[in-house]
Amino acid sequence: MDAYETQEECIARLVFFVEKFWPELLRFSRRTQGQLNRWAARYGMKLNPKDQMYHAKNSCAGRYTAVNLTNADAVEIRLFRGTLKLNTLIATLQLVDHLCEVAVSISDQELQDMSWFDFLDQITEPELIQYLKERRLYVNEPVNTYDATEVG
């Protein structure tokens, strides 16, 4: 496989990730659904990364998509609302770094099988963890249940 094919597969996984975890990324983005529809629209979920990429490249959606593929030499991630808060900026950059890491390091099948919680398990940066908690997207502590039958 040549470098171009490898690059296309990674981009396909990135686009697939965004579609698969759209509700979580919408919450993270600090945008409303209306804002995303205008500035960073979805392509629509497909069954696998290869189909996702084919659909994205043939959609005629233009540049105002969550993952803009219209530039010849760049992939633009347009999901996130601007911010002046340093911690939010750092957390957003860390999330994008993790998205890219997933896109280049796992197979299509592994991505299809991945849950949001599997993705969170790989995150260790305190800024990103804090921001995910603030947005109610990160829960790593076990939930203690109360069983009335145990009370004697």
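Because only heavy atoms are used, hydrogens play no part in the values below, and waters and symmetry mates are left out as well, while side chains stay in.
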Reported OG-to-CD1 distance for the pair Ser29 and Ile77, which is rounded to 0.5 angstrom: 12.5 Å
Could you pull out the closest heavy-atom pair between Asn71 and Glu76, with the gap in Å? ND2-OE1, 4.4 Å
Would Ile129 and Val96 show up in the same hydrophobic cluster when neighbours are defined by side-chain heavy atoms closer than 4.5 Å? yes
Go through the steps to decide whether Ile11 and Gln7 satisfy the test side-chain contact (heavy atoms from CB on, under 4.5 Å), and finish with yes or no. CA-CA 6 Å; Ile11 295 169; Gln7 176 180 297; 3.9 Å; yes
Smallest separation among heavy atoms of Ala41 and Trp22, with atom names: C-CH2, 4.4 Å
Can any side-chain N or O of Gln52 pair as donor or acceptor with the backbone N or O of Ala12 at less than 3.5 Å? no
Distance from Leu132 atom CG to Glu127 atom CD, nearest 0.5 Å? 11.5 Å
Tightest non-hydrogen contact, residues Leu128 and Phe28, listed as CD1-CE1, 3.8 Å
Report yes or no: do Tyr54 and Val15 belong to one cluster of Ile/Leu/Val/Met/Phe/Trp/Tyr joined by side chain heavy-atom distances under 4.5 Å? no
Is a side-chain N or O of Asp97 found less than 3.5 angstrom from the main chain of Gln94, in a donor-acceptor match? no
Cluster overlap Leu47 with Phe21, hydrophobic side-chain contacts below 4.5 Å: no
State, to 0.1 Å, how close Leu25 and Val18 come at their nearest heavy-atom pair, and which atoms those are. CD1-CA, 3.6 Å
Is there a side-chain contact between Asp2 and Glu5 (heavy atoms, below 4.5 Å)? yes
pair Phe80-Leu89: side-chain heavy atoms closer than 4.5 Å: no
Closest heavy-atom contact between Arg13 and Ile106? NE-O, 3.0 Å
Would you say Tyr64 and Leu26 are hydrophobically clustered, going by side-chain heavy atoms of ILVMFWY under 4.5 Å? no
Whether Arg31 side chain and Leu36 backbone form a donor-acceptor pair below 3.5 Å: no
Would you confirm whether Glu19, through its side chain, and Tyr43, through its main-chain N or O, come within 3.5 Å as a donor-acceptor pair? yes
I'd like to know if the side chain of Trp116 reaches the main chain of Leu137, judged simply by a donor and an acceptor atom lying under 3.5 Å from each other, with no hydrogens or angles considered. yes
Got a donor-acceptor contact below 3.5 angstrom from the Arg63 side chain to the Thr70 backbone? no
Below 6.0 angstrom between ring centroids: does that apply to Tyr131 and Tyr138? no
Give a yes or no on whether Ile90 and Leu99 share a hydrophobic cluster (residues Ile, Leu, Val, Met, Phe, Trp, Tyr; joining criterion: side-chain heavy atoms under 4.5 Å apart). no
About how many Å separate CZ of Arg30 and CD of Gln35, when rounded to the nearest 0.5 Å? 10.5 Å
Smallest separation among heavy atoms of Arg78 and Thr65, with atom names: CD-O, 3.3 Å
Calculate, to the nearest 0.5 Å, the distance between atoms CD and CD belonging to Glu134 and Gln130 respectively. 4.5 Å
Rounded distance [0.5 Å steps], CZ in Arg135 versus CD in Glu24: 13.0 Å
Find the distance between CD (Gln122) and CG (Leu120) and round it off to the nearest 0.5 Å. 9.0 Å
Check: Lys20 side chain, Leu111 main-chain N or O, donor-acceptor pair, under 3.5 Å: yes
I'd like to know whether Arg81 forms a side-chain contact (heavy atoms from CB on, under 4.5 Å) with Trp39, so could you lay out the CA-CA distance, the side-chain angles of the two residues, the decisive distance to 0.1 Å, and finally the verdict. CA-CA 10 Å; Arg81 187 172 175 209; Trp39 301 108; over 6 Å; no
Are the side chain of Gln112 and the backbone N or O of Pro49 linked by a donor-acceptor pair below 3.5 Å? no
Would you say the side-chain atoms of Arg27 pair up with the backbone N or O of Arg136, donor to acceptor, closer than 3.5 Å? yes
Results of salt bridge (Lys or Arg N to Asp or Glu O under 4.0 Å) for Glu101 - residues two or more places apart only: none
